[in-house]
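Data first, discussion second: the structure below is written as structure tokens.
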Amino acid sequence: MKALLIESEGISRFTDVARPQLGEGDVRISIRHVGICGSDLNTFRGLNPLVQLPRIPGHEIGGEIVETGAGVPPTYRPGQRVIVLPYTSCGTCSSCRKGRVNACRYNRTLGVQQDGGLAEEIVLPAEKLILNDTLEPRFLALVEPLSVGFHAVARGRVSASDRIVVLGCGMIGMGVVIGAVARGAEVIAVDLSPEKTALAKQFGARHTIDAGTEDVVARIVELTDDQGVDVAFEAVGLPETFRQAIDLAGFCGRVVYVGYAKAPVSYQTQMFNLKELDIMGSRNATKSDFDAVIAYLETIGDRAASLISKVIPFTDAESALPFWDKNRDVLKVIVER
């Protein structure tokens, strides 16, 4: 079968790979839609330290059941549409024992630590699939990236009394915006792209800041009467935004790092203590985050289409990563088969 392979830095091509074998408890999925993630783009750029090349990318997956193996419950039937939970969990590490399987020490995300879904088919255990025949098929590929943002909102303990700032309105940041708005929070969205901040406003952000033309810290001082925000979310992955999140958080505020910086970050740490900040990382998402996003998408219907910037046919998938690499304002590219 055909699969898209990131062969080396800046080079992706179709290749023939063996059709995966179906084992007990497994389900064979015909891939229909795959969203291209920022981690896939960083893999293509040679900037993802978690990936060893060559690698088949893709973990934002929507597909259709083709075949089921022995022992799979009868609720999984050929023709049903599915959303993929692309993470693994060992069940024995300290994270798993605490019930936080999304942060498993030995997690192997599809398309990152193991080959992913940009192929004709994939075989996965039934428990890694969420059945869904209600969402439009292309919207199935939006669930995973939005879930990562929803999980960050849960990590930040966001409530209706909070004022928050989201640094970076890519797809993960949009998930934070949407998840925080759903909890009733006042959201300030920050990005270099006016198109992305405009979209954030469409999805409920009360204020937007163009980081390319405005002084972000000065605007937050103005919008919060110099109190700072209750929760600052970093969804960019740059040392300067890692530091800026600390500056923007108010006293006894919270900071949630969703992105991760590819270079070391140097801090003046006194504000950690003086503000008595809660500083948290956020990784992947849980099944409950997926369920919350699915429920949200089912309520907004066709409005979800505005979260998709471009749909590329599977036969042209070799162009997907180069296209996004040259068009940085793009929010979401989906490959459709």
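Predicted model, so just to flag it, every value in this text is computed and none were measured.
With no hydrogens or angles considered, no side-chain donor-acceptor pair links Ser147 and Asp289 at under 3.5 Å. Side-chain contact check for Arg45 and Thr43: no donor-acceptor pair (N or O, by modelled atom type) lies under 3.5 Å. Remark: the Asp210 side chain and the Thr208 side chain contain no N/O donor-acceptor pair separated by less than 3.5 Å.
For residues 52-75, the set of pairs meeting the side chain to side chain donor-acceptor pair (under 3.5 Å) definition, not counting sequence neighbours, comprises Arg28-Glu67, Arg55-Asp115, Glu60-Lys332. Evaluation of the side chain to side chain donor-acceptor pair (under 3.5 Å) test over residues 91-105, restricted to residues two or more places apart or in two chains, returns Asn102-His151. Sequence neighbours left out, the pairs with a member in residues 232-249 that pass side chain to side chain donor-acceptor pair (under 3.5 Å) are Glu234-Thr241.
Below 30°, between 30° and 60°, or above 60°: for Phe290 and Tyr87 the angle between ring planes is above 60°, a perpendicular geometry.
In this structure, the separation between OG1 on Thr109 and CG on Leu50 is 8.5 Å, given to the nearest 0.5 Å.
The local environment of OH in Tyr267 is crowded, with over 12 non-hydrogen atoms from other residues, nucleotides or ligands closer than 6.0 Å.
By the criterion of side-chain heavy atoms lying less than 4.5 angstrom apart, applied directly or through intervening Ile, Leu, Val, Met, Phe, Trp or Tyr residues, Tyr296 is grouped together with Val176 in one hydrophobic cluster.
Screening Asp329, Leu331, Asn327 against Ser309 for a side-chain contact (heavy atoms from CB on, under 4.5 Å) leaves a single residue, Leu331.
A search for salt bridge (charged side-chain N to carboxylate O under 4.0 Å, His left out) contacts involving Lys275 returns nothing, not counting sequence neighbours. Residues forming a salt bridge (charged side-chain N to carboxylate O under 4.0 Å, His left out) with Asp302 (at least two apart in sequence, or on another chain): none.
In terms of heavy atoms, Ser282 sits closest to Ala152 at OG-CA, 3.3 Å. For the residue pair Tyr106 and Cys93, the shortest heavy atom distance occurs at CE1-CB, 4.0 Å.
In this structure, Arg13 pairs ionically with Glu7, as a charged nitrogen and a carboxylate oxygen lie closer than 4.0 Å. Using a 4.0 Å cut-off between charged nitrogen and carboxylate oxygen, Glu121 and Arg19 count as a salt-bridge pair. By the 4.0 Å N-to-carboxylate-O rule, Arg254 lies close enough to Asp162 to be salt-bridged with it.
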For a quick test of your reading: what N or O donor-acceptor pairs under 3.5 Å do the side chains of residues 185-204 make, sequence neighbours left out?
residue	atom	partner	partner atom	Å
Glu186	OE1	Arg206	NH1	3.3
Glu186	OE2	Arg163	NE	3.2
Glu186	OE2	His207	NE2	3.3
Asp191	OD1	Ser193	N	2.8
Asp191	OD2	Cys169	N	2.7
Ser193	OG	Glu195	N	3.3
Ser193	OG	Glu195	OE1	3.1
Ser193	OG	Lys196	N	3.2
Lys196	NZ	Arg328	O	3.4
Thr197	OG1	Ser193	O	3.4
Thr197	OG1	Pro194	O	3.1

Are Ile56 and Leu4 close enough, and set up right, to give a side chain to side chain contact (heavy atoms under 4.5 Å, CB included), and what steps lead you there?
CA-CA 6 Å; Ile56 298 170; Leu4 185 76; 5.7 Å; no
Stepwise, does the side-chain hydrogen bond (donor to acceptor under 3.5 Å, both in side chains) test hold for Asn132 with Gln80?
CA-CA 7 Å; Asn132 186 282; Gln80 288 183 299; over 6 Å; no
Could you give me the CA-CA distance, side-chain angles and deciding distance for Tyr260 and Phe242, then say whether ring pair (Phe, Tyr, Trp, His ring centres under 6.0 Å) is met?
CA-CA 9 Å; Tyr260 65 90; Phe242 264 63; 8.7 Å; no
Could you give me the CA-CA distance, side-chain angles and deciding distance for Leu135 and Val143, then say whether side chain to side chain contact (heavy atoms under 4.5 Å, CB included) is met?
CA-CA 10 Å; Leu135 289 176; Val143 174; 4.2 Å; yes
